[in-house]
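Keep in mind that the numbers below use all heavy atoms, side chains included, and drop hydrogens, waters and symmetry copies. Counting starts at 1 for both ligands and their atoms, in listed order.
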Amino acid sequence: MSNARLAFVDLTGGYGGAIVVRGISGNVRAGEVLCVLGRNGVGKSTLVKLLMGHLRCWSGEILHTGTAIQHLECSARSRYGISYCPQERTVFDDLSVRNNLTLMGDNRDLGRFEAYFARFPILKRRLKQQAGSLSGGEKKILSFSRALSEGKGVTLLDEPSEGVQWENILHMAALINDSKRAGASMVIVEQNLEFAETIADRYLVLDQGRVVLEGTRRDLNREDLLSHLHV
Ligand SMILES: Nc1ncnc2c1ncn2[C@@H]1O[C@H](COP(=O)(O)OP(=O)(O)OP(=O)(O)O)[C@@H](O)[C@H]1O
Ligand SMILES: [Mg+2]
């Protein structure tokens with residue numbers, strides 16, 4: 001864990017008085033994807049909200065290259081190079097596609113999106129349109145591209161493939177693997193095992209707010225993973 005880019009230790013949190021994430025630990029290194037798997041409602045999104053700071057941790061630690069960040073607001077975590085693509089309400093509907101892409105960046109130059117436009121030409125064609133005019137899958141692609149291009153170290157993606165057609169899921173996988181080669185770290189929540197298998201280095205499988213299975217892609221067999229994904 002000492003060489004982890006992002007580590008979380010015994011993380012606990014929830015909503016109001018209801019505990020959802022119950023003492024979860026994990027980590028991700030540079031150039032690595034940690035895939036968080038599990039059925040509906042087991043706490044996957046809650047875990048990434050805790051990591052980004054959208055929810056306060058009740059207890060536990062989050063370490064960015066060894067520095068505790070669990071007490072910081074989201075904006076301060078962004079300055080540590082952490083970016084986040086939520087599962088729902090992924091884009092600002094009233095803003096243009098262009099403004100959605102460049103909103104959080106240091107400059108408004110589109111040069112850094114060339115690799116994304118090559119994979120997702122619709123983004124380039126619709127730059128001036130309101131993001132609200134995009135389909136659900138297109139919004140996911142926009143939010144994915146914004147978060148992955150922003151990530152200066154750690155990107156948190158919550159079910160990026162949900163509602164996206166398979167051809168574009170493969171483009172997402174290619175962009176994720178390019179980012180890995182460039183040294184990025186990603187925590188990616190997924191329910192689509194076929195997609196997860198093309199990007200994951202390690203898995204963290206949750207059930208009822210706890211880790212029930214973890215290991216490298218080689219360590220874990222498909223049947224065990226599937227048994228925690230389907231009812
Ligand atoms: N804002 C909220 N207020 C209260 N309870 C919530 C809230 N968001 C989620 N929950 C509850 O927390 C539990 C875990 O939800 P979470 O969204 O983390 O699950 P998930 O694993 O991401 O599920 P899914 O696969 O459906 O996205 C669920 O029981 C859910 O009803
Ligand atoms: Mg979720």
Practice prompt. May I ask you to check whether Thr46 brings an N, O or S atom to under 2.8 Å from the Mg ion (ligand 2)?
Written response: no
Practice prompt. Examine Ser45 and say whether one of its N/O/S atoms is closer to the Mg ion (ligand 2) than 2.8 Å.
Written response: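 So Ser45 counts as coordinating the Mg ion (ligand 2), yes.
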Would you mind checking which non-hydrogen protein atom is closest to [atom], with the distance to 0.1 Å?
atom: atom 21 (O) of ligand 1; result: Lys44 NZ, 2.8 Å
atom: atom 12 (O) of ligand 1; result: Val20 CG2, 3.4 Å
atom: atom 9 (C) of ligand 1; result: Tyr15 CE1, 3.5 Å
atom: atom 17 (O) of ligand 1; result: Ser45 CB, 3.6 Å

Worksheet item: So, are Lys140 and Glu159 salt-bridged, with charged N and O less than 4.0 Å apart?
Response: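 Glu159 and Lys140: not salt-bridged.
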Practice prompt. Run the salt-bridge test on Lys139 and Glu88 with the 4.0 Å N-O cut-off and return the result as yes or no.
Written response: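 No, this pair does not count.
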Can [X] and [Y] be counted as having a side-chain donor-acceptor contact under 3.5 angstrom?
X: Asp158; Y: Ser45; answer: yes
X: Gln129; Y: Ser96; answer: no
X: Asn168; Y: Arg119; answer: no

Item to complete: Please report the C-alpha distance between Met186 and Leu148 in whole Å, then the side-chain angles of each, then the deciding distance to 0.1 Å, and finally whether the side-chain contact (heavy atoms from CB on, under 4.5 Å) criterion is met.
Response: CA-CA 9 Å; Met186 287 160 269; Leu148 201 63; 3.6 Å; yes
Based purely on interatomic distance, does [X] place a nitrogen or oxygen under 3.5 Å from a nitrogen or oxygen of ligand 1?
X: Gly38; answer: no
X: Thr46; answer: yes
X: Gly41; answer: yes

Discussion item. Can you classify the ring geometry of Tyr84 versus His54 as parallel (below 30°), tilted (30 to 60°) or perpendicular (above 60°)?
Written reply: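 Judged by the thresholds at 30° and 60°, the geometry between Tyr84 and His54 is tilted.
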Worksheet item: Which one holds for Asn40 and ligand 1: side chain close, backbone close, both close, or neither close, with close meaning a heavy atom under 4.0 Å?
Response: both
Please list, in number order, the atoms of ligand 1 under 4.0 Å from a heavy atom of [X].
X: Gln87; value: 27 (O)
X: Glu159; value: 25 (O), 27 (O)
X: Gln191; value: 25 (O)
X: Arg39; value: 21 (O)

Response to the item:
Rounded to the nearest 0.5 Å, the CG atom of Asn192 sits from the CD1 atom of Ile199 at a distance of 9.0 Å
Worksheet entry | Under-4.0 Å heavy-atom contact between protein and atom 31 (O) of ligand 1 | no
Practice prompt. Verify the contact flag for atom 6 (C) of ligand 1, where contact means a protein heavy atom under 4.0 Å away.
Written response: yes
Item to complete: Report yes if the side chains of Tyr203 and Thr216 come closer than 4.5 Å at any heavy-atom pair, otherwise no.
Response: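 Sidechains of Thr216 and Tyr203: no contact.
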Fill in: Sole residue of Glu32, Arg5, Arg202 in side chain to side chain donor-acceptor pair (under 3.5 Å) with Asn27
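Exactly one candidate clears the test, Arg202.
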